[in-house]
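Residue numbers begin at 1 in each chain, while the letters A, B, ... track the order of the sequences.
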Amino acid sequence: MLVPLQVFWTDTPQRNANANSLVAIIPIAVAALPIYFFRKGSPQIDFHVALFLVIGSVVGAYVGARLLSRIPDRPLKVAVAVVLGLVGLKEVLWP
Amino acid sequence: MAVSWGDLVAIVGGLGAGFLSGTIGIGGGLLFVPTMPVGLRLSQAAAQGTSLVAIIPTAIVGGVTHFRRGNVLPRPALLMGGGGVVGAVIGALVAVEVPGPVLARVWGGFLVFSAYRLTVQAIRQPQRTP
């Protein structure tokens with residue numbers, strides 16, 4: 001959500017918008033976790049799955065973040081549009 | 001601890017989601033939440049809670065890497081982070097009151113609209129080397 005808003009409203013280059021978004025997500029997720037935990041009647045977190053997800057995603061995030069500097073703005077924009085479009089369609093059609 | 005096929009799926013899925021998170025700047029939840037119920041047979045509620053936990057280390061590693069490479073604009077990132085915390089609190093309270101499918105459709109509509117706008121921008125943008 002933070003990525004398209006920055007690009008539309010403030011003309012932030014795609015690369016900076018993507019990097020900013022990822023940094024901004026850190027405090028948001030940290031704040032959301034206790035809210036989720038206490039508001040829900042029965043918080044459901046599968047720590048086993050989370051552990052294995054994190055093993056993969058941390059490596060992926062590092063490689064992806066290093067690669068970002070090398071991707072030109074336009075293909076990057078198209079890639080963001082494709083991912084947002086696919087996830088968006090999924091949510092609209094099969095909520 | 002025995003490692004099952006499901007764990008391997010989680011690692012590979014995490015790798016892909018983390019990669020997209022690092023390049024595209026999404027938290028991972030955008031991908032984790034819709035795919036985990038299918039790929040890992042978690043319930044929707046468990047997918048949300050689990051993805052929230054997985055996002056934090058992913059975003060820290062991706063964010064620090066971006067920062068070290070000079071891709072982060074500190075001021076907007078801080079402002080968005082701060083604003084996002086307030087938004088997260090309000091959002092969490094609203095989300096409890098609004099039916100899930102309605103929320104998903106509104107969110108999906110926003111994403112599709114964003115994808116459309118980004119595509120238009122990419123087409124109009126003059127080609128330039130980074």
Side-chain angles (χ1 to χ4, degrees), chain A residues 2-4 7-8 15-33 35-36 39 43-46 49-50 52-69 71-74 77-81 83-85 87-92 95, chain B residues 7 10-12 14-15 17-25 27-28 30 34 40 42 45-46 49-50 52-63 65-66 69 71-73 76-77 80-81 84-85 88-89 92 96 101 104-105 107-109 111-112 114-115 117-119 121-122 125 130:
Chain A
L2 296 169
V3 175
V7 175
F8 300 154
R15 181 192 309 168
N16 302 117
N18 294 6
N20 286 350
S21 156
L22 202 53
V23 172
I25 284 164
I26 303 169
I28 298 172
V30 170
L33 192 60
I35 299 170
Y36 173 82
R39 284 289 304 198
Q44 296 185 28
I45 297 171
D46 190 326
V49 170
F52 284 97
L53 270 182
V54 165
I55 292 174
S57 69
V58 161
V59 177
Y62 177 73
V63 175
R66 288 199 58 137
L67 198 73
L68 175 71
S69 312
I71 310 174
D73 198 85
R74 191 191 276 195
K77 209 161 253 170
V78 173
V80 175
V83 173
L84 295 188
V87 177
L89 278 179
K90 188 260 159 198
E91 296 289 352
V92 171
Chain B
D7 299 336
I11 293 178
V12 174
L15 203 62
F19 178 77
L20 283 176
S21 169
T23 47
I24 291 178
L30 190 73
L40 299 169
L42 289 185
T50 307
L52 201 51
V53 172
I55 284 167
I56 297 173
T58 310
I60 289 176
V61 170
T65 310
H66 280 315
R69 296 184 78 85
N71 286 331
V72 177
L73 308 172
M80 285 196 304
V85 169
V89 175
V96 179
R105 285 216 164 96
W107 170 232
L111 291 179
V112 171
S114 299
R117 285 281 310 263
L118 282 174
T119 309
Q121 259 197 14
Q125 194 172 42

Review point. Judged by atom type as modelled, is there a donor-acceptor pair below 3.5 Å linking the side chain of B/T50 to the main-chain atoms of A/D46?
Key: yes

Check your understanding: Which bit of B/L42 comes within less than 4.5 Å of chain A, counting heavy atoms only: side chain, backbone, both or neither?
Key -> side chain

Review point. Taking every heavy-atom pair that is under 4.5 Å apart, which of A/V23, A/N16, A/V7 has the most such pairs with chain B?
Key: A/N16

Study note, to complete from the structure: Those residues at least two apart in sequence (or on a different chain) that pass side-chain contact (heavy atoms from CB on, under 4.5 Å) with B/A115 are A/A81, A/L84

Point to revise | Donor-acceptor under 3.5 Å (B/H66 side chain, B/G22 main chain) | key: yes

Check your understanding: Roughly how far, to the nearest 0.5 Å, is CD1 of B/I24 from CG of A/N18?
Key -> 7.0 Å

Review point. Judged by atom type as modelled, is there a donor-acceptor pair below 3.5 Å linking the side chain of A/S21 to the main-chain atoms of B/G25?
Key: yes

Check your understanding: So which of B/G81, B/G63, B/A88, B/P76 has the largest heavy-atom pair count under 4.5 angstrom toward chain A?
Key -> B/G81

Check your understanding: Among A/A65, A/A79, A/G88, which residue forms the greatest number of heavy-atom pairs with chain B at distances under 4.5 Å?
Key -> A/A65

Revision key, fill the gap. So, the part of B/I55 with a heavy atom under 4.5 Å from chain A: the answer is side chain

Review point. Measuring heavy-atom distances to chain A, does B/V89 have an atom under 4.5 Å in its side chain, in its backbone, in both, or in neither?
Key: both

Point to revise | Selection from B/T119, B/L40, B/V85, B/L20 maximising heavy-atom pairs under 4.5 Å formed with chain A | key: B/V85

Check your understanding: How far apart are the closest heavy atoms of B/V72 and B/A77, and which atoms are they?
Key -> CG1-CB, 4.0 Å

Check your understanding: Under a 4.5 Å heavy-atom cutoff, which of B/P57, B/A54, B/A17, B/A59 has the most pairs with chain A?
Key -> B/A59

